K.L.:
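Input: one structure, supplied below.
Atoms considered below: every heavy atom in the structure, side chains included; atoms not considered: hydrogens, waters and symmetry mates. Just so it is clear, the model here is predicted, and its values are computed rather than measured. Read the numbers this way: they start at 1 and go in the same order the structure lists the ligands and their atoms.
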Amino acid sequence: MSNIEQTLSIIKPDAVDRNLSDEIKKIFEKNDLIVKESKKIHITKEEASEFYKVHQSKPFYNDLCAYLSSGPIVVMILEGKNAVLANRKLMGATNPKEAEENTIRRLYGISIDKNSVHGSDSVENAKKEIDFFFNN
Ligand code: UDP
Ligand code: MG
């Protein structure tokens with residue numbers, strides 16, 4: 001069966017800072033998303049601005065880019081059945097207060113900006129985002 005997909009996941013600075021990376025990876029693996037690649041990096045604000053370009057017209061864009069570049073992050077390629085949607089479900093809603101129980105953002109998110117994880121929102125964007133971080 002070939003709905004095996006790859007998606008990009010990022011553990012954001014708030015969660016890396018609280019040493020939650022291993023626990024979050026375990027949630028992926030327990031739910032049949034294999035962590036194919038993983039690296040801890042610290043990106044510049046310029047790189048964050050490029051990554052989040054789709055949000056450039058939003059009022060939160062500047063803070064968002066400053067935040068993603070404020071400390072180390074863990075970027076991962078997750079692989080599995082319907083991986084894009086499966087990861088979005090495990091993450092929960094953008095605002096941790098609105099996220100369902102047992103989702104990563106409900107368990108670990110602090111606020112709408114410090115919401116612990118990023119996940120690609122479509123197969124097309126997943127390809128672009130994987131390429132952005134793992135292109136060499
Ligand atoms: N964000 C924010 N304020 C908002 C909406 C979003 O700080 O009012 C941040 C939040 O960290 C979110 C990121 O911008 O994860 C990207 O927003 P998006 O709507 O794409 O949410 P996501 O796909 O991450 O759930
Ligand atoms: Mg998004």
K.L.:
Does Lys58 count as lying over the ring of Tyr52, i.e. NZ or CZ under 6.0 Å from the six-ring centre, within 45 degrees of the axis?
P.N.:
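The answer is no; the distance or angle limit is not met.
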K.L.:
Could you point out which residue of Lys39, Glu37, Lys25 forms a side chain to side chain contact (heavy atoms under 4.5 Å, CB included) with Met76?
P.N.:
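Between Met76 and the candidates, side chain to side chain contact (heavy atoms under 4.5 Å, CB included) is satisfied uniquely by Lys25.
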K.L.:
Nearest 0.5 Å, please: how far is CG in Asp113 from OG1 in Thr94?
P.N.:
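Answer for the OG1-CG pair, Thr94 versus Asp113, is 11.5 Å.
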K.L.:
Test Ile73 against every option in Ile10, Asp14, Ile11 by the side chain to side chain contact (heavy atoms under 4.5 Å, CB included) rule and name the one that passes.
P.N.:
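Result for side chain to side chain contact (heavy atoms under 4.5 Å, CB included) with Ile73: Ile10.
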K.L.:
Nearest 0.5 Å please: distance from the OG atom of Ser9 over to the CG atom of Leu90.
P.N.:
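If I round to the nearest 0.5 Å, the distance is 9.5 Å.
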K.L.:
With a 4.0 Å heavy-atom cut-off, what residues sit around ligand 1?
P.N.:
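Contacting ligand 1 under 4.0 Å are Lys12, His55, Phe60, Leu64, Arg88, Thr94, Arg105, Ile112, Asp113, Asn115.
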K.L.:
Would you call the rings of Phe133 and Phe51 parallel, tilted or perpendicular, where under 30° means parallel and over 60° means perpendicular?
P.N.:
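Tilted: the ring planes of Phe133 and Phe51 meet at 30° to 60°.
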